[in-house]
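A quick note: this is a predicted structure, and the numbers were derived from the prediction, not measured.
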Amino acid sequence: MSDLPSAIHPDILPRLDPEYVAIHNAHLAHRVPPHTIPWHPDIRKAPYIPGGSPVRTVGAVKDISLQNCKIRAFIPEGTPPQEGWPVLLYIHGGGWTLGSIDTLNSFISRQCKENNCVSVALDYRLAPENPYPAAVEDTVDALKFMYYNGKAELNANVNKIAVGGSSSGGNLAAIACLKAQELTPPIPIIFQLLIVPGNDNTASVADGRYPSWKECQNTVWLSEGRMMWFRNMYLPDPATWTEPDNSPIFASDALLAKVPPAFISVCELDILRDEGIAYGEKLKSLGVKVDAKVYPRASHQILGMDAALKVGKQQADDAIKAVGDAFKAA
């Protein structure tokens, strides 16, 4: 297997969940990593991660075009409560470069079904065609649409909005909680769900602040090479890497102290692990309620493999519960 383009590196193999190893060797080891070939938009047509659960049946699904992007709203079955359904805006991953409105629809529809909320997928503009700050602008536009139009168009309770995302989507969700405070008027967000988020775009293998970058530089799916490829696609100017609109850990303490409670979900064998942990610790130091969990022997993309991996299902289950608990508490 070692000569295949995505073979598991010997540094990582003994530490990985055996369930994952079997699936990787059968379905992923032969794939050519996108960062090793010349860029072409057709790279986005590659098959999705195997092992995901099916999209759930909900009351209705509505696609809505915004100024520069689209959203897909999964609407619960039945009659909405008088105040409207709570809302989860969920932002897909893919290094700001890959992914689409269809990414993680299984998880997003499950949030709708199990938490009786309007669960919204965001189809933001992608790099390199649309580099930073396009994805941030689209995230804010989607948030504003839900706040100002959600009641009329989707029977949403706009005073119960949570945001969440995976990987680059987790980055954008964290940033949404900062940007929401700066709008006029501010948009209240009750909760943030950050799954394997990237919180510091200055991180590197030589960076002592985040040992996971060196420890996991050869990990599966999101190696150092792939992460830097994503970063350079989205953030071609290194002078922007410290801006809070792409590295939320550099936001002011005044803004960070006012973000909503968070559930931060990271994986042991993910290069981004320690950024997520550090972000949670910074928020906690400023008085924000944070629950954080590290999933052992797990790699970056397990949420999309929730039907095949016990640890992927556990991560999804925990995320569903965290959002449900936040809606109940609000």
Side-chain angles (χ1 to χ4, degrees), residues 52-64 71-93 101-123 139 142-143 145-147 149-151 153-167 169-170 172-174 176-177 180 187-197 259-265 289-293 295 302-307 312-330:
S53 59
V55 176
R56 275 46 168 195
T57 300
V58 299
V61 180
K62 188 173 183 181
D63 285 4
I64 300 170
I71 57 172
R72 174 172 294 160
F74 293 85
I75 303 162
E77 297 171 295
T79 304
Q82 186 174 355
E83 68 275 14
W85 306 109
V87 176
L88 172 66
L89 173 63
Y90 199 82
I91 308 163
H92 72 76
I101 201 167
D102 300 316
T103 305
L104 280 180
N105 277 193
S106 59
F107 175 71
I108 297 168
S109 61
R110 186 181 167 198
Q111 288 278 5
C112 170
K113 194 168 188 75
E114 296 191 24
N115 285 324
N116 280 318
C117 65
V118 174
S119 195
V120 180
L122 172 60
D123 193 26
T139 299
L143 182 62
F145 175 85
M146 292 308 302
Y147 187 66
N149 303 91
K151 179 65 174 174
E153 297 212 20
L154 300 166
N155 282 313
N157 179 353
V158 300
N159 295 308
K160 266 193 184 182
I161 297 176
V163 298
S166 312
S167 191
L172 293 167
C177 294
I187 292 179
I189 298 175
I190 64 159
F191 184 71
Q192 54 183 325
L193 172 67
L194 309 182
I195 298 181
V196 296
V259 300
F263 178 58
I264 300 178
S265 170
K289 184 179 183 298
V290 177
D291 290 322
K293 185 169 180 178
Y295 293 83
I302 61 166
L303 184 66
M305 305 175 75
D306 60 318
K313 183 177 186 303
Q314 187 63 59
Q315 187 182 48
D317 289 349
D318 291 343
I320 298 289
K321 183 178 187 301
V323 172
D325 288 350
F327 286 148
K328 291 185 186 88

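- Not a single donor-acceptor pair under 3.5 Å links the side chain of N155 to the backbone N or O of W85.
- Within the 4.5 Å cutoff, the side chain of S166 has heavy atoms near those of the L104 side chain.
- Here the CD1 atom belonging to I190 is positioned 5.5 Å from the CZ atom belonging to F327, to the nearest 0.5 angstrom.
- In this structure, the separation between CG on L193 and OH on Y90 is 5.5 Å, given to the nearest 0.5 Å.
- Listed by chain and number, the residues in a salt bridge (charged side-chain N to carboxylate O under 4.0 Å, His left out) with D318 are K293 (sequence neighbours excluded).
- Contact between I91 and A173 at its shortest, heavy atoms only, is CD1-N, 3.8 Å.
- Taking each heavy atom of G59 and E77 in turn, the nearest pair found is N-CG, 3.3 Å.
- R110 is listed as a side-chain neighbour of D317, based on a closest heavy-atom distance under 4.5 Å.
- Taken to the nearest 0.5 Å, the OG atom of S109 stands 9.5 Å off from the CD atom of E114.
- A 4.5 Å side-chain heavy-atom check between C117 and V87 finds every atom pair outside the cut-off.
- Judged by distance alone, with hydrogens and angles left aside, the side-chain atoms of S119 form a donor-acceptor pair with the main-chain N or O of I108 at under 3.5 Å.
- If you take CD on E153 and NZ on K62, they are separated by 5.0 Å, rounding to the nearest 0.5 Å.
- Evaluation of the salt bridge (charged side-chain N to carboxylate O under 4.0 Å, His left out) rule for R72 yields D63, D102 as partners, not counting sequence neighbours.
- Residues V61 and V55 are not in side-chain contact: their nearest non-hydrogen atoms beyond the backbone lie 4.5 Å or more apart.
- A 6.0 Å sphere centred on NZ of K113 holds more than 12 heavy atoms belonging to other residues, nucleotides or ligands.
- T139 and A176 get closest at one heavy-atom pair: CG2-CB, 3.8 Å.
- Of all heavy-atom pairs spanning V58 and C112, the tightest one is CG1-SG, 3.6 Å.
- What you find for I101 and D123 is that their closest heavy atoms are N-OD1, 3.2 Å.
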**Report entry** Pair I189-L143, side-chain contact (heavy atoms from CB on, under 4.5 Å): steps then yes or no
**Finding:** CA-CA 10 Å; I189 298 175; L143 182 62; 3.9 Å; yes
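- Note that CD of E83 and CG of N159 are 10.0 Å apart. Values are rounded to the nearest 0.5 Å.
- Residues P86 and N115 form no side-chain contact, since every pair of their non-hydrogen atoms from C-beta on lies 4.5 Å or further apart.
- A heavy-atom distance below 4.5 Å is found between the side chains of I195 and F107.
- The heavy-atom pair separating P260 from F191 by the smallest distance is CB-N, 3.5 Å.
- Interatomic distance, CD of Q111 versus CZ of R56, reported as 10.5 Å (0.5 Å rounding).
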